[in-house]
There are 2 protein chains.
Amino acid sequence: MMNVREKEQFLGFLRDRGQRVTGERLALFDEIFSQHGHIDAEELLAAMRARGLKISRATVYRNLDLLVESGLARKSRLGSRGFLYEHMHAGQQHDHLVCAGCGRVVEFVSPGIVALQAEICRAHGFVPARHTLQIAGLCNRCAEEAVPDGLASAPAPGRMAHV
Amino acid sequence: MMNVREKEQFLGFLRDRGQRVTGERLALFDEIFSQHGHIDAEELLAAMRARGLKISRATVYRNLDLLVESGLARKSRLGSRGFLYEHMHAGQQHDHLVCAGCGRVVEFVSPGIVALQAEICRAHGFVPARHTLQIAGLCNRCAEEAVPDGLASAPAPGRMAHV
DNA sequence: TTACGTATTGAGATTTTGTCTCAATAGCCG
DNA sequence: CGGCTATTGAGACAAAATCTCAATACGTAA
């Protein structure tokens, strides 16, 4: 089984707060860690039901928030409506590049932003906790507007990169 | 009258797109430029009605989007629900520092983030357009948890600063 | 292992936020 | 001024998330 470390972190989080380890919580954990990109609560619910699990919408919403509080998931708004969730791995903070044309989301990790965050917080007497950086622009394909067929390769969306 | 330059920009924007200059649009423009911080659509609607203006909710929502398209307003999600709007001054892009304790929002301008945005986009073949950076942390007052009475001064919230 | 107290769940109602409809109104242009 | 049509208003509608409360199941202690 993958995600042993993260699951332990989740169980520890629940124990520390005196909250119960329920079948629904474990199932939701497994589901979000089996998903690759960003996914919304409704899709997550549908995916779990498709696997034969019987779970209520309210439970999914409630426990997604719990996962976010535990630091194992992140809630963000990359589209125009609704929140999207993604699982997190310990200590790994990444940001998003969103194409205004096709909506494609590329994740990236930038040491620069971490330094910048510290600098800005120092200047304003804040203790930094976390940040959200979203850059909107046009991806190579959308920037060329009318792309000639068969010329551009089709790179896999949602890959991770370092800057 | 203030905001002459911005109002001209708005009128020009409408003309360029062949859209009409209506009383409601001008009133919304005046209202959002009379507001200082971030405000949501419902509050804006209430404020306009409190001034004796007769305007519909749909019109406020529609024209807020129009102001955003014109570049004179920005729509963001600083709280947990709903969108907040703020007026913009030509060419000025700022970001937000949000206190996780008291919710106070401090605006800042950072040349560093602009450079970073360009660098990241170059690395991924994106043409940069705009970005949203939100840093969450604890402000000086909240960081001290239990603040001794009368010790801390009460700085005005929502001020603008440069880094 | 069982029994108990209580956190958690499920199903649907409800709230919240924003969009849509379409007849009436009012800009804009000749 | 008069006509064409974008825009507005009022409320219906839709989407997303939260709330309610009885039923269930987790954790603890005997």
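Residue numbering restarts at 1 for every chain, and letters A, B, ... go by the order of the sequence lines.
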If you compare every side-chain N and O of A/Lys54 against the phosphate oxygens of C/dT9 (OP1, OP2), does one of them come in below 4.0 Å? no

What's the closest nucleotide to the B/Ala58 side chain, out of D/dA10, D/dT8, C/dA11? D/dA10

Would you mind telling me which residue lines up with the more 5' stretch of DNA chain C, A/Arg49 or A/Arg25, judged by nearest nucleotide? A/Arg25

Using a cut-off of under 3.5 Å, enumerate the N/O to N/O pairs linking the protein to nucleotides 27-30 of chain D.
residue : atom : partner : partner atom : Å
D/dG27  : OP1  : A/Val21 : N            : 2.9

Gap between atoms CZ and P, on A/Arg57 and C/dT15 respectively (whole Å): 17 Å

Is the ring pair A/His94/A/His96 parallel, tilted or perpendicular, if the boundaries are 30 and 60 degrees? perpendicular

Euclidean distance, atom CD1 of residue A/Ile55 to atom C1' of D/dA25 [Å, nearest integer]: 14 Å

Please report, rounded to the nearest Å, how far the C1' atom of C/dC20 is from the CG atom of B/Asn63. 15 Å

Given the structure, check if the side chain of B/Arg62 and the base of C/dG18 hold any donor-acceptor pair shorter than 3.5 Å. no

Shortest non-hydrogen contact between B/Arg104 and B/Cys139, atoms and distance: NH2-CB, 3.4 Å

Least distance between heavy atoms, B/Arg77 atom then B/Gly82 atom: NH1-N, 3.3 Å

Take the protein atom CG of B/Leu28 and the nucleotide atom C1' of D/dT8, then report the distance between them rounded to whole Å. 13 Å

Distance, rounded to the nearest Å, where B/Leu66 contributes CG and C/dG18 contributes P: 17 Å

Exactly one of B/Asn3, B/Asn63, B/Leu11 clears side-chain contact (heavy atoms from CB on, under 4.5 Å) with B/Phe29, and that residue is B/Asn3

Interatomic distance, B/Leu14 CG vs C/dC29 C1' [rounded to whole Å]: 17 Å

Can you say whether the rings of B/His87 and B/Phe33 are parallel (under 30°), tilted (30 to 60°) or perpendicular (over 60°)? parallel

Value in whole Å for how far the C1' atom of C/dG18 lies from CZ of A/Phe83: 14 Å

Upstream residue (5' side of DNA chain D) when B/Glu24 and A/Tyr61 are each assigned their closest nucleotide: B/Glu24

In short, A/Gly112 meets B/Leu116 closest at the heavy-atom pair C-CD2, 3.8 Å

Compare all side-chain heavy atoms of B/Met48 with those of B/Glu24 and state whether any distance is below 4.5 angstrom. no

Checking contacts here: which listed nucleotide (C/dA11, C/dT19, D/dT8) is nearest the side-chain heavy atoms of B/Asp65? C/dT19

Which whole-number value in Å describes the distance from A/Leu26 CG to C/dT9 C1'? 14 Å

